[in-house]
Amino acid sequence: MAINNNAPIYLQIADALMDDILAGRYRADSRMPSVREQAANCQVNANTVLRAFEQLERNGIIYNKRGLGYFVSSEAPAIIKEQRRRDFYSGELNYFFGRLKQLEVSLESLADEYRNYLSSPK
């Protein structure tokens, strides 16, 4: 995991785990790596990973079975998508709209570009 200096490490770990859940690496009710395993994978202190897990648990993305570890909640993908949608609307989209206005991009040309983007092979 590449560390970004602009955000706390525990939030970056939580974000990477959410990416893994959305990508299907961890499915509903499957066990997450232990705190120690994840700390070794990320080369960080176990307390940092514990903070990430606690954050995910507070948001309903994972849950703890005492003595067994953390597991992915069945609602995790929907929760993650909704959270990211809210973040996108409140942050990136406002910036994007500001740039469109500044550059005088019409709604029609934007719609054309978006349709081209959706139809192009990835």
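Just so it is clear, the structure is predicted and the values come from calculations on it, not from any experiment.
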Above 12 or not: heavy atoms from other molecules or residues under 6.0 Å from CD of E104?
no

Does any part of the side chain of Q38, heavy atoms only, come nearer than 4.5 Å to the side chain of C42, both counted from C-beta?
yes

Does R86 offer a backbone N or O that forms a donor-acceptor pair with the side chain of S90 under 3.5 Å?
yes

When rounded to the nearest 0.5 angstrom, what distance separates CG in L100 from CG in L93?
9.0 Å

Within a 6.0 Å radius of atom CZ on R31, are there more than 12 heavy atoms belonging to other residues, nucleotides or ligands?
yes

Residue pair V49 / I13, side-chain heavy-atom distance below 4.5 Å:
yes

Which value, rounded to the nearest 0.5 Å, describes the distance between M32 atom CE and I61 atom CD1?
9.5 Å

Once the angle between the rings of Y63 and F71 is folded into 0 to 90°, is it parallel (under 30°), tilted (30 to 60°) or perpendicular (over 60°)?
parallel

D15 CG to Y10 OH distance, which is reported to the nearest 0.5 Å:
12.5 Å

State whether a side-chain donor-acceptor pair under 3.5 Å links Q55 with R58.
yes

Give, for atom OG of S34 and atom CZ of F53, the distance between the pair rounded to the nearest 0.5 Å.
7.5 Å

If I take atom CG from residue L11 and atom CG from residue L56, how far apart are they, to the nearest 0.5 angstrom?
9.5 Å

Ionic contact status for R51 with E54, cut-off 4.0 Å
no

Applying salt bridge (charged side-chain N to carboxylate O under 4.0 Å, His left out), can you list everything that pairs with D19, at least two apart in sequence or on another chain?
R84

